[in-house]
Trainee: 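I'd like to ask you about the structure that follows.
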Amino acid sequence: MIDKNSPLPIYTQIEDGIRSQIENGELKPHDAIPSEREYATQFQISRMTVRQAITNLVNEGLLYREKGRGTFVSEQKIEQQLVGLTSFTEDMKARGFTPSSRLLHFEIIPATAKIASQLSIQVHHPVYEITRIRLAHGIPMAIETVYMSANLIKGVTEAIIQQSLYDYVEQQSELKIGHATQTLEAIVATENETEHLQVAKGSPILLIQRYTYLEDGTPLEVVRSAYRADRYKFTVSMNRT
Ligand code: 16G
């Protein structure tokens, strides 16, 4: 792992070494890495140097420390392409994860002025208000609240929401989902989100707000999705035109 003649600083070499052990699977999620003392003895370097390398990897989210227990490898993040308009169910299946949902709230409410204008419906017309925890292999990934016109999409039930909303819209309602616009920003998890996503107080969250439209331009849904920043990263590819 260490070449003392290399122009690269020793701590960078340690960082790179641990990083490649994680990438090639030699170190797996939740494995303990050797202690500072062990690295220091093995490579004949100071513990300060080792600490610097490990702290950098902790700050990057690749490792996590547990008081009194040691330092461990984090779960790898799910990498989500910000291209095609896909559903959570499709995204997870495409990665070989089993998607599931835990329903927190399901109600038909009269549209507020804000929701009515976002969905282009009359104020007080009925809308579904649905909040679900979205899980992959039983691990909470996101907490998501959807508003949808109940006059547009009829017959949504708890059983349907446990499965896929997009499936219901396209298969049962035979409507065509066309396009969406969304914003992505960083926020700090609220207490409620912290609890449901099983993350530490004050954890960063990736907040996506999506407006989805049918092919004919009718607004379909307004969505607020709070994704765990320790489990998710989003990628976009760009062309210089
Ligand atoms: C995704 C969408 C959400 C949509 C849901 C449908 C984002 C940020 N949000 O979570 O807008 O309502 O999928 O999922 O990607 P479903 O078909 O699995 O119910």
Trainee: Check whether R228 reaches the backbone of P140 with its side chain - one donor and one acceptor, N or O, closer than 3.5 Å.
Mentor: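 Side chain of R228 to backbone of P140: a pair is present.
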Trainee: E15 and side chain to side chain contact (heavy atoms under 4.5 Å, CB included): which single residue from N56, I54, L8 fits?
Mentor: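 It is N56; the other options fail the test.
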Trainee: Distance check, rounded to the nearest 0.5 Å: Q118 atom CD versus S149 atom OG?
Mentor: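 That separation rounds to 13.5 Å.
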Trainee: Does the side chain to side chain contact (heavy atoms under 4.5 Å, CB included) test come out yes or no for T49 and Y39, once each step is laid out?
Mentor: CA-CA 10 Å; T49 308; Y39 277 124; over 6 Å; no
Trainee: If we only count heavy atoms from C-beta on, is the Q13 to F43 side-chain gap below 4.5 Å?
Mentor: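 The answer is no, as the side chains (C-beta and beyond) never meet within the 4.5 Å cut-off.
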Trainee: Between the side chain of S203 and the main-chain N/O of A189, is any donor-acceptor distance below 3.5 Å?
Mentor: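 No; zero donor-acceptor contacts below 3.5 Å.
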Trainee: Is the backbone N or O of A229 less than 3.5 Å from a side-chain atom of K77, with the two atoms forming a donor-acceptor pair by type?
Mentor: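 Such a contact is found between K77 side chain and A229 backbone.
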Trainee: Is K233 salt-bridged to E60, going by a charged N under 4.0 Å from an acidic O?
Mentor: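 Answer for the salt bridge query: no.
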Trainee: Hey, does the side chain of N239 reach the backbone of T241 with a donor-acceptor pair shorter than 3.5 angstrom?
Mentor: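 No, the answer is negative, given that no donor and acceptor are paired below the 3.5 Å cut-off.
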Trainee: Applying the 4.5 Å side-chain criterion to the ILVMFWY set and letting contacts propagate, would I10 and L63 be lumped into a single cluster?
Mentor: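 Per the 4.5 Å side-chain linkage, I10 and L63 are co-clustered.
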Trainee: Measure the spacing between CZ of R51 and CD of E36 and express it to the nearest 0.5 Å.
Mentor: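 Answer rounded to 0.5 Å: 4.0 Å.
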Trainee: S87 and S164: which non-hydrogen atoms are nearest, and at how many Å?
Mentor: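 Looks like OG-OG, 4.3 Å.
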Trainee: Which atom pairs, donor and acceptor, lie under 3.5 Å between side-chain atoms of residues 153-163 and protein residues at least two apart or in another chain?
Mentor:
{"unit_1": "K154", "atom_1": "NZ", "unit_2": "N151", "atom_2": "O", "d": "2.9"}
{"unit_1": "T157", "atom_1": "OG1", "unit_2": "I160", "atom_2": "N", "d": "3.3"}

Trainee: Any non-hydrogen side-chain atom of Q76 less than 4.5 Å from a side-chain atom of I22?
Mentor: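 Yes, close enough: below the 4.5 Å cut-off.
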Trainee: Are V127 and V169 linked, directly or through other ILVMFWY residues, by side chains that come within less than 4.5 angstrom of each other?
Mentor: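 They do not share one cluster, since no chain of ILVMFWY contacts under 4.5 Å joins V127 to V169.
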Trainee: Between S173 and E170, is there a donor-acceptor pair closer than 3.5 Å when you use the side chain of the first and the backbone of the second?
Mentor: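 No; zero donor-acceptor contacts below 3.5 Å.
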Trainee: Hydrophobic cluster mates of Y11, side-chain heavy atoms under 4.5 angstrom, ILVMFWY only, any path?
Mentor: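 None; Y11 is a cluster of one.
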Trainee: So, taking the atom named CD1 in I109 and the one named OH in Y128, what distance separates them when rounded to the nearest 0.5 Å?
Mentor: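 Between atom CD1 of I109 and atom OH of Y128 there are 12.5 Å.
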Trainee: For the pair K176 and L214, evaluate side chain to side chain contact (heavy atoms under 4.5 Å, CB included) and give the outcome as yes or no after the intermediate values.
Mentor: CA-CA 6 Å; K176 289 208 157 43; L214 297 177; over 6 Å; no
Trainee: Would the number of heavy atoms belonging to other residues, nucleotides or ligands and lying under 6.0 Å from CD of Q42 be above 12?
Mentor: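 More than 12 within 6.0 Å, yes.
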Trainee: Checking E185 against Q209 for the side chain to side chain contact (heavy atoms under 4.5 Å, CB included) test, could you report, in this order, the C-alpha distance in whole Å, the side-chain angles of both residues, the deciding distance, and whether it holds?
Mentor: CA-CA 9 Å; E185 62 196 298; Q209 304 200 65; 3.6 Å; yes
Trainee: Will you find, in the side chains of T190 and N192, an N or O donor that is under 3.5 Å from an N or O acceptor?
Mentor: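 No, no side-chain donor-acceptor pair sits under 3.5 Å.
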Trainee: Enumerate donor-acceptor pairs with a distance under 3.5 Å from any side-chain N or O in residues 65-73 to protein atoms, sequence neighbours excluded.
Mentor:
{"unit_1": "R65", "atom_1": "NH2", "unit_2": "T55", "atom_2": "OG1", "d": "3.0"}
{"unit_1": "E66", "atom_1": "OE1", "unit_2": "R69", "atom_2": "NH1", "d": "2.4"}

Trainee: Between I108 and P126, what is the shortest heavy-atom contact and its length?
Mentor: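 For I108 versus P126, the nearest heavy atoms are CG2-CB, 3.6 Å.
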Trainee: Not counting sequence neighbours, list each pair that qualifies as a ring pair (Phe, Tyr, Trp, His ring centres under 6.0 Å) and has a residue in residues 152-181.
Mentor: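 Matches after skipping sequence neighbours: H179-Y213.
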Trainee: Report the C-alpha distance between T86 and Q80 in whole Å, list the side-chain angles of each, state the deciding distance to 0.1 Å, and finish with yes or no for side chain to side chain contact (heavy atoms under 4.5 Å, CB included).
Mentor: CA-CA 10 Å; T86 50; Q80 170 84 44; 4.1 Å; yes
Trainee: What is the distance from atom CZ of R132 to atom CG of L103, rounded to the nearest 0.5 Å?
Mentor: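 The distance works out to 8.0 Å.
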Trainee: For T212 and E221, test the side chains for any donor-to-acceptor distance below 3.5 angstrom and give the result as yes or no.
Mentor: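 Result is yes, a qualifying pair exists.
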Trainee: Atom OG1 of T41 and atom CD of Q44: how far apart are they, to the nearest 0.5 Å?
Mentor: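 Rounded to the nearest 0.5 Å, the OG1-CD separation comes to 7.5 Å.
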Trainee: Just verifying a value: how many Å separate Y227 OH and R134 CZ, rounded to the nearest 0.5 Å?
Mentor: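 With rounding to 0.5 Å, OH (Y227) is 7.5 Å from CZ (R134).
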Trainee: For the residue pair I121 and A111, what are the closest heavy atoms and their distance?
Mentor: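 The pair with the smallest heavy-atom distance is CD1-CB, 3.9 Å.
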Trainee: Short question: side chain of H105, backbone of I130 - any donor-acceptor pair under 3.5 Å?
Mentor: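 No, the answer is negative, given that no donor and acceptor are paired below the 3.5 Å cut-off.
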Trainee: If two hydrophobic side chains count as joined below 4.5 Å and joins carry through other members, does I177 share a cluster with L82?
Mentor: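 No, separate clusters.
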Trainee: Taking the hydrophobic residues Ile, Leu, Val, Met, Phe, Trp and Tyr, and joining any pair whose side-chain heavy atoms are under 4.5 Å apart, which ones share a cluster with L207?
Mentor: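 Noted: L207 shares its cluster with L104, I133, L135, I143, I187, L197, V199, I205.
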Trainee: Restricting to pairs with a member in residues 92-121, which pass salt bridge (Lys or Arg N to Asp or Glu O under 4.0 Å), not counting sequence neighbours?
Mentor: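 For residues 92-121, and leaving out neighbouring residues, there are no salt bridge (Lys or Arg N to Asp or Glu O under 4.0 Å) pairs at all.
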Trainee: Assess whether atom CD of E191 is packed by more than 12 heavy atoms of other residues, nucleotides or ligands within 6.0 Å.
Mentor: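 Atom CD in E191 is not packed in, count stays at 12 or less.
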Trainee: Can you hop from L175 to L119 via hydrophobic side chains spaced under 4.5 Å?
Mentor: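 Shared cluster, no.
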Trainee: Quick check: do I45 and K4 have side-chain heavy atoms less than 4.5 Å from each other?
Mentor: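 Yes, at least one pair of side-chain atoms sits under 4.5 Å.
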Trainee: How close do Y64 and S74 get, heavy atom to heavy atom, and via which atoms?
Mentor: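 That closest heavy-atom pairing would be CD2-OG, 3.6 Å.
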Trainee: Do L165 and L152 sit in the same hydrophobic cluster, where Ile, Leu, Val, Met, Phe, Trp and Tyr count as joined when their side-chain heavy atoms come under 4.5 Å apart?
Mentor: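 Yes, it is one cluster - the side chains of L165 and L152 are joined through contacts under 4.5 Å.
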